[in-house]
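Single-structure report; data block below.
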Amino acid sequence: LTHSSGLRDMFVLMLLSGERQYTDAEVLDVLKRQRTFNFDRDTQFMYSNSGYFLAAQIVQAVSKKPLSVFAKERIFDPLGMDSTQIKDRAGMVIPDVADSYVKSGKTWIRDDKNVTAVGASGVQTCIADMAKWVANFRHNKLGKGDQHLIEEMQQPHILSDGKDSHYGLGLIITDLGGVRQVQHSGGWEAYRSMVSRFPDYDLAIITFGNGGSLLPLNGNNALAKELLADKMEPAKPERPAVALPEADLQGLVGTYQLNSDKVAVVTRLKQRLFIQVTGQARFEVFAAKKDDFFYRNIPAEVVFERDTDDKVTSATITQNDVAYKMPRIDPYVPTDDYLDSLSGTYHSDELNATIELVKSGKSLVAKVKGYRSLALAFHLKDHARSGAWSFDFDRDEKGSVTAFRIGTNRAINMVYKRIEQHGSDSEEWWVGLGARAFSPHRGSRAFRLARTLLSTKKSRVGLLDDLISNSR
């Protein structure tokens with residue numbers, strides 16, 4: 001629950017597995033297949049819904065009850081949360097529900113993925129019931145007045161290097177204007193929620209939305225500042241930023257090499273500048289003056305350097321008094337032969353899924369089943385990006401591409417091994433492919449049969465023939 005386990009996020013894993021509607025059993029199957037992690041336990045903080053999901057599985061296994069029943073008996077009913085329930089079945093009808101909507105052009109459309117993943121999502125509630133849940137933190141009715149567990153939940157977890165993660169047991173522990181704040185946000189489909197508590201002043205603010213707006217987070221903080229104005233420290237003046245002409249910003253756009261396998265990509269959106277380092281999220285930077293920029297929530301600054309012809313040649317990022325000089329480089333321009341050498345089908349044993357890389361013009365497109373195609377942009381040889389996704393290719397001692405590692409927010413270094421273009425020796429992949437053709441669900445008879453057939457050591461043709469005949 002502290003997001004320090006290193007477990008990859010279940011929603012990213014299911015997206016890559018090609019499943020759009022799935023059961024708890026299918027999620028658990030994918031998690032069981034994981035052989036590597038985002039990082040070693042307790043060395044970092046990275047949000048992962050997998051921890052919540054597994055906690056729910058433990059509760060169900062111990063109580064021998066669905067989480068929806070357990071929560072109703074042990075939490076919702078005792079607190080009088082009569083309008084709260086857990087949606088644990090796809091298609092489940094919720095009385096008086098406010099649907100989730102997203103803007104499409106000038107109109108609104110429903111955003112209903114109709115997916116359940118208990119523990120990490122699925123609680124259907126209302127403001128009045130949520131207030132009862134929040135009140136339990138003051139006087140632990142569920143614990144018969146014992147505040148021990150409540151206090152433990154609100155203690156920030158300390159990582160192995162001694163750093164404060166600012167996260168307890170499912171709660172973010174921070175401060176606002178020097179006032180202790182215990183809070184958490186939530187988002188699913190276009191639903192948004194924010195619960196902010198200020199326990200030292202017996203104040204809680206709850207905001208729900210169903211239109212994808214960020215108002216819950218921003219609105220809660222703004223209201224708290226009004227209500228606790230006399231309790232908060234004087235606001236530190238925000239470092240002023242200057243507006244630079246778009247032409248000046250455009251001259252900074254480009255690729256800068258941080259080290260042998262990482263680059264910083266600078267992009268522009270009108271009068272806003274962004275920097276994204278390989279494997280990290282994209283951050284906006286703000287101009288102190290021409291060529292000098294700073295981050296808002298990170299103690300880091302960026303200075304762009306020019307030559308005598310006023311051309312930007314490098315940039316230096318300074319963070320925690322450590323400077324990293326990054327020469328500006330031309331993006332890698334792949335040749336047709338190079339793209340051909342990467343094209344093909346790749347399989348992940350951890351996801352039992354494939355991604356096909358197809359040459360498209362002067363680049364590659366990654367085709368992920370059930371998801372949009374990803375157009376790859378190469379900034380270095382064997383290192384490509386597509387939005388928040390990163391692709392890093394591995395080669396053997398002969399220089400042949402053998403695999404790639406894909407990563408994004410909350411899930412990194414997922415290995416996809418190359419399948420030979422002229423016939424695979426991987427019977428498991430062919431069996432998995434055949435199983436998917438007859439049933440997309442891992443818990444299905446087709447998949448169980450596929451795994452049984454795999455142990456027979458038959459040829460690919462024989463395996464698939466048996467699968468076809470037994471799946472009818």
Side-chain angles (χ1 to χ4, degrees), residues 214 238-320 322-336 338-339 342 357 359-366 372-393 404-409 412:
L214 295 178
E238 191 174 68
R239 184 173 178 180
V242 299
L244 296 179
E246 291 186 16
D248 286 356
L249 296 179
Q250 185 60 36
L252 309 176
V253 170
T255 304
Y256 300 78
Q257 187 157 359
L258 182 59
N259 54 38
S260 60
D261 62 354
K262 288 187 178 182
V263 296
V265 179
V266 179
T267 55
R268 178 182 69 86
L269 178 61
K270 295 183 178 179
Q271 286 189 293
R272 301 171 66 190
L273 201 70
F274 298 86
I275 298 179
Q276 184 172 25
V277 174
T278 303
Q280 298 182 12
R282 186 180 72 162
F283 292 96
E284 184 174 4
V285 291
F286 302 85
K289 60 181 181 180
K290 183 180 178 179
D291 294 342
D292 286 14
F293 291 78
F294 60 91
Y295 291 78
R296 282 277 186 222
N297 299 313
I298 300 175
E301 297 183 346
V302 184
V303 177
F304 293 89
E305 293 97 9
R306 299 174 181 268
D307 61 16
T308 54
D309 295 325
D310 202 36
K311 181 180 178 181
V312 176
T313 57
S314 62
T316 299
I317 291 183
T318 302
Q319 184 174 6
N320 298 325
V322 179
Y324 304 89
K325 190 175 182 66
M326 306 180 297
R328 188 173 190 171
I329 61 174
D330 293 327
Y332 181 73
V333 180
T335 64
D336 286 342
Y338 175 77
L339 295 176
L342 302 183
L357 298 184
K359 188 166 71 172
S360 176
K362 293 297 182 181
S363 190
L364 292 178
V365 170
R372 62 183 176 85
S373 295
L374 302 173
L376 274 59
F378 285 85
H379 300 294
L380 292 172
K381 182 180 179 180
D382 293 348
H383 299 279
R385 297 196 64 80
S386 180
W389 298 92
S390 63
F391 290 75
D392 297 291
F393 292 87
F404 68 75
R405 288 164 286 116
I406 188 174
T408 187
N409 297 332
I412 59 177

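All values below were derived from every heavy atom in this structure, side-chain atoms included, with hydrogens, water molecules and symmetry-related copies excluded.
- For F274, the ring pair (Phe, Tyr, Trp, His ring centres under 6.0 Å) test picks out no residue, with sequence neighbours left out.
- Of the possible donor and acceptor atoms, one in the side chain of D307 sits under 3.5 Å from a partner among the backbone N and O of D309.
- Residues satisfying the side chain to side chain donor-acceptor pair (under 3.5 Å) test with T255, not counting sequence neighbours, are H379.
- The side chain to side chain contact (heavy atoms under 4.5 Å, CB included) test applied to Y338 returns Y332, P334, T335, S341, L342, F378, K381, D382, R395, not counting sequence neighbours.
- Legend: residues meeting salt bridge (Lys or Arg N to Asp or Glu O under 4.0 Å) with K311, ordered by chain and number and at least two apart, are absent.
- Going from atom CH2 of W389 over to atom CD1 of I406 covers 5.0 Å, rounded to the nearest 0.5 Å.
- K362 is linked by a side chain to side chain donor-acceptor pair (under 3.5 Å) to nothing, counting only residues two or more places apart in sequence or in another chain.
- Of all the heavy atoms in A377 and S363, the pair that sits closest is N-OG, 4.3 Å.
- Residues L339 and G361 share a closest heavy-atom pair of CD1-O, 4.0 Å.
- Between T316 and Y324 the shortest side-chain heavy-atom distance does not fall below 4.5 Å.
- Under the salt bridge (Lys or Arg N to Asp or Glu O under 4.0 Å) criterion, R282 pairs with no residue at all, not counting sequence neighbours.
- The salt bridge (Lys or Arg N to Asp or Glu O under 4.0 Å) check on D291 picks up R306, with sequence neighbours excluded.
- For residues 323-332, the pairs satisfying salt bridge (charged side-chain N to carboxylate O under 4.0 Å, His left out) are E305-K325, with sequence neighbours left out.
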Give the table of side-chain donor-acceptor pairs shorter than 3.5 Å for residues 243-254, with sequence neighbours excluded, one pair per line with atom names and distance.
{"from": "E246", "atom 1": "OE1", "to": "R268", "atom 2": "NH1", "distance (Å)": "3.2"}
{"from": "Q250", "atom 1": "OE1", "to": "R268", "atom 2": "NE", "distance (Å)": "2.8"}
{"from": "Q250", "atom 1": "OE1", "to": "R268", "atom 2": "NH2", "distance (Å)": "3.1"}

TODO: Under the side chain to side chain contact (heavy atoms under 4.5 Å, CB included) rule, what do M326 and Q257 come out as? Steps first, then yes or no, please.
DONE: CA-CA 5 Å; M326 306 180 297; Q257 187 157 359; 5.8 Å; no

Donor-acceptor pairs are to be reported for all side-chain atoms of residues 295-304 against protein atoms at under 3.5 Å, with residues two or more places apart or in another chain.
{"from": "R296", "atom 1": "NH1", "to": "R239", "atom 2": "O", "distance (Å)": "2.7"}
{"from": "E301", "atom 1": "OE2", "to": "R239", "atom 2": "NH1", "distance (Å)": "2.9"}

Open item on the list: I'd like to know whether V263 forms a side chain to side chain contact (heavy atoms under 4.5 Å, CB included) with L258, so could you lay out the CA-CA distance, the side-chain angles of the two residues, the decisive distance to 0.1 Å, and finally the verdict.
Closed with: CA-CA 5 Å; V263 296; L258 182 59; 6.0 Å; no

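- In this structure T308 satisfies the side chain to side chain contact (heavy atoms under 4.5 Å, CB included) test with no other residue, sequence neighbours excluded.
- Side-chain contact between I275 and F283: absent, with no pair of heavy atoms (C-beta onward) separated by less than 4.5 Å.
- The closest side-chain heavy-atom distance from V365 to L376 is not below 4.5 Å.
- Annotation: the span from L364 atom CG to S386 atom OG amounts to 11.0 Å, rounded to 0.5 Å.
- The shortest distance between side-chain heavy atoms of D292 and F286 does not fall below 4.5 Å.
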TODO: Please step through side chain to side chain contact (heavy atoms under 4.5 Å, CB included) for the pair F294 and V285, ending with a clear verdict.
DONE: CA-CA 5 Å; F294 60 91; V285 291; over 6 Å; no

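- The shortest side-chain heavy-atom distance between L273 and F293 falls under the 4.5 Å cut-off.
- Note that CZ of F391 and CZ of R385 are 10.0 Å apart. Values are rounded to the nearest 0.5 Å.
- Listed by chain and number, the residues in a ring pair (Phe, Tyr, Trp, His ring centres under 6.0 Å) with F393 are F404 (sequence neighbours excluded).
- When every heavy atom of T278 is checked against every heavy atom of K262, the shortest pair comes out as OG1-CA, 3.7 Å.
- Heavy atoms only, all atoms of each residue included: S314 and P327 are closest at CB-CA, 3.9 Å.
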